[in-house]
*Asks:* 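Supplied in structure tokens, the structure appears directly below.
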2 protein chains.
Amino acid sequence: MLDLYELKQFTAFADLGTLSKVAEKFHISTPSVTRSMQNVEECFGVTLFSRSKNRIELNETGRFAVEYAKKLIDEAEQTVQQVQAYDLKLKTITIKSCAPAPLWELLKKINNAGTGMTVSSSICSNEEVIHAVKNRLCDIAVLPFEISEEGFETSRFMNENLFVCVPEGHALAEYNQLSFEQINGFNFLLRSELGFWDTLCRTKMPASKFLVQTDDTVFNELVNSSSLPCFTTDYFPNRQVIYPGRINIPITDNEAKVNFYVAVRKGFFVNI
Amino acid sequence: MLDLYELKQFTAFADLGTLSKVAEKFHISTPSVTRSMQNVEECFGVTLFSRSKNRIELNETGRFAVEYAKKLIDEAEQTVQQVQAYDLKLKTITIKSCAPAPLWELLKKINNAGTGMTVSSSICSNEEVIHAVKNRLCDIAVLPFEISEEGFETSRFMNENLFVCVPEGHALAEYNQLSFEQINGFNFLLRSELGFWDTLCRTKMPASKFLVQTDDTVFNELVNSSSLPCFTTDYFPNRQVIYPGRINIPITDNEAKVNFYVAVRKGFFVNI
DNA sequence: TATTATTACGTTAGGCGTAAAGATT
DNA sequence: AATCTTTACGCCTAACGTAATAATA
């Protein structure tokens, strides 16, 4: 039976030219390499070398065998990698969410479940979430509407309502409710990684400009040190604390009052 | 590093279901199989089994790994076979000849050369010989004319002349030379495996019928015990001895006086 | 003389089987 | 009780390295 370690020495010999160099490379003695080559020859059942007294070379069959041996070694390594990749994928829950809040809620629950699973999550647009579901690229999907897809079970998850957040002296501060139409044209501070919220704001407020900040603490500092309006939601019960001197005005449009739905791949044991 | 023998046990376990049966199949002890499975797991670097106290089963990754392991084992076996096939082909001289006489002469020379080569030879029609040359299916080709083909070197080899061989009292016996036209219509005894001679006779003598016999000694008996004419050539110096009471009449047509040419694949060291 | 392959040989590590334990049906 | 997996343990093989040989460049 072929031995992959010996085959490696065999292919190394094809590259290095002498058994001594092979021995050096593998940190073994030259007699050991000699024996390995004899074994390889024995396993193949044909002569692979032309030997003179202190010189050994591959013959034509030997050179042919090296090519196939290299392929075989490569395939063996790929096999290991593929099995490992499969195992990893099997132990990874992939979540695609259209918004941060429901994702965080999900992550809490999954962590609480205490499974030994790795979680791979990302926030993206509705379209990207749908694409992931259709192509079985995720195990759990979060969308602001119901989705029906073979192999997934959808259920209502949570509710989130959007607010405009302005300093007390701001022109918008005197309203106790607002519509997208009214705030269209004002420039806003905006977090990145907002998923569908980002798309929603930009389509509903085409006349507005958005200053985007990724870093969370930097964003909060910016909000506190500027008079620009920003958004918040009722998901943050402590929103008055974080931004002192700011008031939160509900947005009346239906699009600002979102019900999130979770689509879970069938067979996944996740309590939601 | 993966061990193919252990992988074989691994795939056998997938088929047989218990380690005991694997041990039985491979004529080794169960502890040995246990260790092999532990090694396989270690090599893949992932868990492949679900173990209870006296029961071991493949998990999902394990079932996946089995598929790849089977492929790998199969490829290893194919590798050995391909190398052996290549080696055999390398040590085999393939000869396609249009006629027996020049083939026998060639075989004599090759055997005298005392190479350790296997010789694979066959007699066939001119068309088949040409096809073999064009498609590199032979190392040496024998034809009744010159052929020019990339990678082959052609040289004149030997000469052979066809004779009609009839009993003394036969109607044709009084001629001291004959043409195909004259003998067309007579029925002939014919050997099989004659290559292009067969084609030649049948096209030159469409009105004749041929009684074909494969076995050499049977053919000679038939000739001696019948009055039917047959063919012979000057390649057989002892033709008078074999067929006593028969006379040999040369055929005058140019097609009956053949010069054989040998096309040898370049790089083949055969003295002709 | 330096390098290389191979053989001979002694040592040791690792692989195998036996025995036994622990568990399930 | 029978079957199965796994651990413990001792033996023994077989693989390795050292030393030596022989040959070459």
Side-chain angles (χ1 to χ4, degrees), chain A residues 1-63 65-66 69 72-73 76 80, chain B residues 1-63 65-66 69 72-73 76 80:
Chain A
M1 174 130 317
L2 289 180
D3 182 299
L4 293 176
Y5 182 56
E6 289 177 348
L7 280 189
K8 277 204 162 185
Q9 297 173 41
F10 179 57
T11 59
F13 170 71
D15 295 334
L16 300 174
T18 72
L19 299 188
S20 319
K21 289 187 183 141
V22 176
E24 199 180 348
K25 175 172 179 179
F26 286 85
H27 308 105
I28 54 179
S29 64
T30 39
S32 186
V33 180
T34 296
R35 284 188 290 263
S36 290
M37 297 306 99
Q38 288 165 349
N39 284 340
V40 170
E41 228 174 358
E42 162 115 32
C43 287
F44 275 113
V46 296
T47 306
L48 300 172
F49 305 95
S50 71
R51 299 165 208 265
S52 37
K53 268 299 179 184
N54 77 337
R55 179 92 192 140
I56 180 171
E57 284 173 301
L58 291 168
N59 64 19
E60 192 166 345
T61 306
R63 286 189 290 275
V66 164
L72 197 62
I73 290 163
V80 172
Chain B
M1 174 128 320
L2 289 180
D3 182 300
L4 294 176
Y5 182 57
E6 288 178 348
L7 280 189
K8 276 205 161 185
Q9 296 174 42
F10 179 57
T11 59
F13 170 70
D15 295 334
L16 300 174
T18 72
L19 300 189
S20 319
K21 286 184 185 146
V22 176
E24 198 179 348
K25 175 172 180 178
F26 285 84
H27 307 106
I28 54 177
S29 66
T30 39
S32 186
V33 180
T34 297
R35 284 189 291 263
S36 291
M37 297 306 100
Q38 287 165 348
N39 284 340
V40 170
E41 228 174 358
E42 162 114 33
C43 287
F44 276 114
V46 297
T47 305
L48 300 172
F49 304 95
S50 71
R51 299 166 208 266
S52 39
K53 267 301 178 182
N54 77 337
R55 179 92 194 139
I56 180 170
E57 284 173 301
L58 290 168
N59 64 21
E60 193 165 343
T61 306
R63 286 189 289 276
V66 164
L72 198 62
I73 290 164
V80 172

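Chain letters run A, B, ... following the sequence lines, proteins first, then strands; residues in each count from 1.
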*Asks:* Tell me: CG of A:Leu58 to P of C:dA5, nearest whole Å?
*Replies:* 12 Å

*Asks:* Measure CD1/A:Ile28 against P/C:dA5 and give the value in whole Å, please.
*Replies:*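 Distance, rounded to whole Å: 13 Å.
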
*Asks:* Is it true that a side-chain atom of A:Asn59 and a backbone atom of A:Thr47 form a donor plus acceptor pair closer than 3.5 Å?
*Replies:*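 Side chain of A:Asn59 to backbone of A:Thr47: a pair is present.
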
*Asks:* Measure from CG on B:Asp3 to C1' on C:dG14 and round the result to the nearest Å.
*Replies:*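 Answer to the nearest Å: 13 Å.
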
*Asks:* Quickly work out the A:Asn39 CG to C:dT6 P distance and round it to whole Å.
*Replies:* 13 Å

*Asks:* A:Met1 has an atom CE; how far is it from atom C1' of C:dG15, in whole Å?
*Replies:*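 For the pair A:Met1 CE and C:dG15 C1', the rounded distance is 17 Å.
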
*Asks:* When rounded to the nearest 0.5 angstrom, what distance separates CZ in A:Phe26 from OG in A:Ser36?
*Replies:*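 Going from the CZ atom of A:Phe26 to the OG atom of A:Ser36 covers 9.0 Å.
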
*Asks:* Do B:Glu41 side-chain atoms and B:Leu48 backbone N/O form a donor-acceptor pair below 3.5 Å?
*Replies:*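 Here the side-chain-to-backbone pair exists.
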
*Asks:* Measure CZ/B:Phe26 against C1'/C:dC16 and give the value in whole Å, please.
*Replies:* 16 Å

*Asks:* Tell me: CE of A:Met37 to C1' of C:dT7, nearest whole Å?
*Replies:*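 Whole-Å distance recorded here is 17 Å.
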
*Asks:* Is the closest side-chain heavy-atom distance between A:Phe10 and A:Leu58 below 4.5 Å?
*Replies:*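 Answer yes - side chains close enough.
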
*Asks:* Restricting both atoms to N or O, compile the protein contacts to nucleotides 1-10 of chain D shorter than 3.5 Å, with distance only.
*Replies:*
residue	atom	partner	partner atom	Å
D:dT5	OP1	B:Leu19	N	2.9
D:dT5	OP2	B:Leu19	N	3.3
D:dT5	OP2	B:Ser20	N	3.0
D:dT5	OP2	B:Ser20	OG	2.7
D:dT6	OP1	B:Arg51	NH1	3.0
D:dT7	OP2	B:Gln38	NE2	3.3

*Asks:* Can you list the residues that meet the ring-ring contact (aromatic ring centres under 6.0 Å, His included) rule with A:Phe44, with sequence neighbours excluded?
*Replies:*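 Result, ring-ring contact (aromatic ring centres under 6.0 Å, His included) vs A:Phe44: none returned.
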
*Asks:* Classify A:Ser29 by what it touches in the nucleic acid, base, sugar-phosphate, or nothing, heavy-atom distance under 4.0 Å.
*Replies:*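 If one applies the 4.0 Å heavy-atom cut-off, A:Ser29 turns out to touch a base.
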
*Asks:* Of the non-hydrogen atoms in B:Thr11 and B:Ala69, which two are nearest, and what is the gap between them?
*Replies:* CG2-CB, 3.8 Å

